[in-house]
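Numbers here simply count residues along the sequence, with the first being 1.
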Amino acid sequence: MSEHTIVEFFSEEALENVMCLLAYKPERILFLGHKHTMITRKIESLRAFAALRSPRTELIFKEVPRDNLEEHIRLLDEISDTWPDALYELTGGGEMLFIAFGFLSSRKKLRTIRIDPYTGTEIRMESDAPQRTSEHFEMTVEENITLHGGTLSRQSGNYSTWRFTPEFMADIRAIWAIAARLGSKWNRYCATIDDVIKACPPDDTGLYILPKSALGESAFLFFSLRDAKVLRDFEEKPSRILFRFKNAMIRHIVTKTGNILELHVYEVASRRPDIFNDQIMGAVINWNNASYDTINEIDVILMRSVVPTFISCKSGHAGSNALHELETITHRFGGNYAKKALVMATACDKSANGTSFFKERAKEMKIWVIDNVYNMSDEALLRKLIRIQGV
């Protein structure tokens, strides 16, 4: 069913303002709101999002005085006369708008709609009984960031560092198996290797010649990587090892301790495209603020339909700051509909009575904690990621 005009009671939740846009791509949407909520930054974000998803839809923003009921009624009456077939989406707005709408709807037959972002369930009131239907809506990570007033930088991992080919996905699985076997040693070995590689750069052909004396115990990792077929031209000498990385992505994994956990989460989630319709690793987000530049990075973002899940990955210890940082970026670029999770390679510390204060604090902040992933099967991790979605 096509719709020409939709009237939105402006919501502070950005996602609630665009569900009808996604569903109907109408000729125009009129947003009615108060000056203190319908601020310029949010208007600009809505325009940027509409330009991506429905560029032909005209967005019209009308401010109404906060405490003037007569002006609310006058404006709604004018709109209903100008566009008698308009569809009214009543999710946002202040109580005065609802009072005015209730007064006007007692005299005029006005059509209303509500679309639940979580389920895609649409409820329309056009007759005596509500009509209920279900639709599937999708949004990309980039569109979600745009909607919430940011820009997904081209420095983000999916654009700048990683190429998620089937071959590279297989390499991720192979290297994760090595990291899981090593446990806490993985971080130590990678940190040592990074230092040695910086001190002993490769030649023009990409050949590394690394002294065993500098590598110490971490040299063991190279033999596992050789067996996983992610090194080329590997050769062991009495006092050194020679090799080339299969590609630059493998080098990024081996020389930065946390990358493999992030890649593992990304790879496992990618196995269920029916659940997660888009995902980004190493998302670099620019805040579109004219007065200053702010950049945040989040390890993994998954999209289920139109709802994002922001995931922070920790291969070592995580403190309360990690929770607060995750809370801040999730609220800013996902709103109250977004999910948030902290994924930890090792187990959370527990107190003498067997409880984890860290997990309790995370629960209070509605942050899911998935810990001890080194000892978790891929299937168990996937089940937990899906459970966060309420599936």
Side-chain angles (χ1 to χ4, degrees), residues 12-15 18 39-53 139-164 187 190-191 194 198 248-249 251-253 255-266 269 276 278-303 306-344 362 365-368:
E12 294 192 57
E13 285 295 326
L15 188 54
V18 299
I39 58 178
T40 301
R41 173 176 60 81
K42 293 185 177 182
I43 290 174
E44 290 176 349
S45 299
L46 274 174
R47 290 194 187 282
F49 179 83
L52 293 175
R53 292 301 298 262
M139 189 185 297
T140 67
V141 172
E142 185 166 13
E143 289 168 341
N144 172 75
I145 299 301
T146 298
L147 175 62
H148 289 88
T151 302
L152 191 63
S153 169
R154 296 299 105 176
Q155 295 175 340
S156 298
N158 285 53
Y159 305 131
S160 63
T161 305
W162 314 108
R163 297 292 177 269
F164 291 102
N187 282 7
C190 289
D194 185 34
K198 286 176 180 175
M249 295 185 293
R251 174 171 56 81
H252 285 304
I253 295 175
T255 57
K256 186 178 178 184
T257 57
N259 275 344
I260 190 57
L261 177 60
E262 298 168 26
L263 287 164
H264 176 57
V265 172
Y266 182 101
F276 303 109
D278 192 29
Q279 56 227 37
I280 291 284
M281 181 186 153
V284 178
I285 304 171
N286 297 314
W287 294 42
N288 293 340
N289 189 307
S291 59
Y292 59 89
D293 292 329
T294 303
I295 296 176
N296 283 112
E297 184 170 354
I298 187 75
D299 296 328
V300 180
I301 304 177
L302 307 176
M303 292 298 301
V306 295
V307 176
T309 298
F310 290 76
I311 301 175
S312 177
C313 299
K314 299 295 180 184
S315 59
H317 178 74
S320 59
N321 281 346
L323 298 177
H324 291 292
E325 289 171 2
L326 180 59
E327 166 65 26
T328 297
I329 194 169
T330 301
H331 181 74
R332 177 64 178 79
F333 292 107
N336 290 328
Y337 283 96
K339 315 284 189 177
K340 44 191 183 284
L342 184 69
V343 177
M344 303 175 64
M365 299 172 72
K366 298 181 179 179
I367 295 175
W368 291 72

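Here the closest heavy-atom approach between residue Val18 and residue Met139 is recorded as CG2-CE, 4.5 Å. In this structure, Ser45 and Gly149 approach most closely via the heavy-atom pair OG-CA, 3.0 Å. Lys314 and Leu342 make their closest contact through CG-CD1, 3.8 Å (heavy atoms, listed as atom of the first residue, atom of the second, distance). In plain terms, the two heavy atoms of Pro308 and Gly334 that are nearest each other are CG-CA, 4.2 Å. The minimum heavy-atom distance linking His252 with Thr161 is given by the pair CD2-CG2, 3.5 Å.
Using modelled atom types, no side-chain atom of Asn296 and backbone atom of Ile285 make a donor-acceptor pair closer than 3.5 Å. Not a single donor-acceptor pair under 3.5 Å links the side chain of Glu13 to the backbone N or O of Gly335.
Between Val141 and Gln279, every side-chain heavy-atom pair lies at or beyond the 4.5 Å cut-off. Within the 4.5 Å cutoff, no side-chain heavy atoms of Ile145 are placed close to those of Thr140. Between Asn259 and Glu262, some side-chain heavy-atom pair lies under the 4.5 Å cut-off. Between Val265 and Cys313 there is a side-chain heavy-atom pair separated by less than 4.5 Å. At least one side-chain heavy atom of Leu147 sits under 4.5 Å from a side-chain heavy atom of Leu46.
Counting heavy-atom neighbours within 6.0 Å of Glu297 CD, excluding the residue itself, gives a total above 12. Within a 6.0 Å radius of NE2 in His331, other residues, nucleotides and ligands contribute 12 heavy atoms or fewer.
Of the options Trp162, Phe164, Phe276, a ring-ring contact (aromatic ring centres under 6.0 Å, His included) to Tyr266 is made by Phe164 and by none of the others.
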Residues Trp368, Thr309; criterion side chain to side chain contact (heavy atoms under 4.5 Å, CB included); working and verdict
CA-CA 10 Å; Trp368 291 72; Thr309 298; over 6 Å; no
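The structure places CD1 of Ile311 at 4.0 Å from CG of Leu302, a figure rounded to the nearest 0.5 Å. Taking CZ from Phe49 and CG from Leu15, the interatomic distance works out to 8.0 Å, rounded to the nearest 0.5 Å. Between Arg47 atom CZ and Thr40 atom OG1 the span is 10.5 Å, to the nearest 0.5 Å. Considering OG1 of Thr330 and CE of Met365, their distance stands at 9.5 Å, rounded to 0.5 Å. For the atom pair Asn187 CG and Leu261 CG, the distance stands at 9.5 Å (nearest 0.5 Å). For the atom pair CD1 (Ile298) and OG (Ser156), the distance works out to 11.5 Å, reported to the nearest 0.5 Å.
For Phe310 and Phe333, the gap between ring centers reaches or exceeds 6.0 Å.
Using a cutoff of 4.0 Å between basic side-chain nitrogens and carboxylate oxygens, Glu142 and Arg53 are not scored as salt-bridged.
Judged as a salt bridge (charged side-chain N to carboxylate O under 4.0 Å, His left out), the pairs with a partner in residues 321-340 (not counting sequence neighbours) are, in order, Glu327-Lys340.
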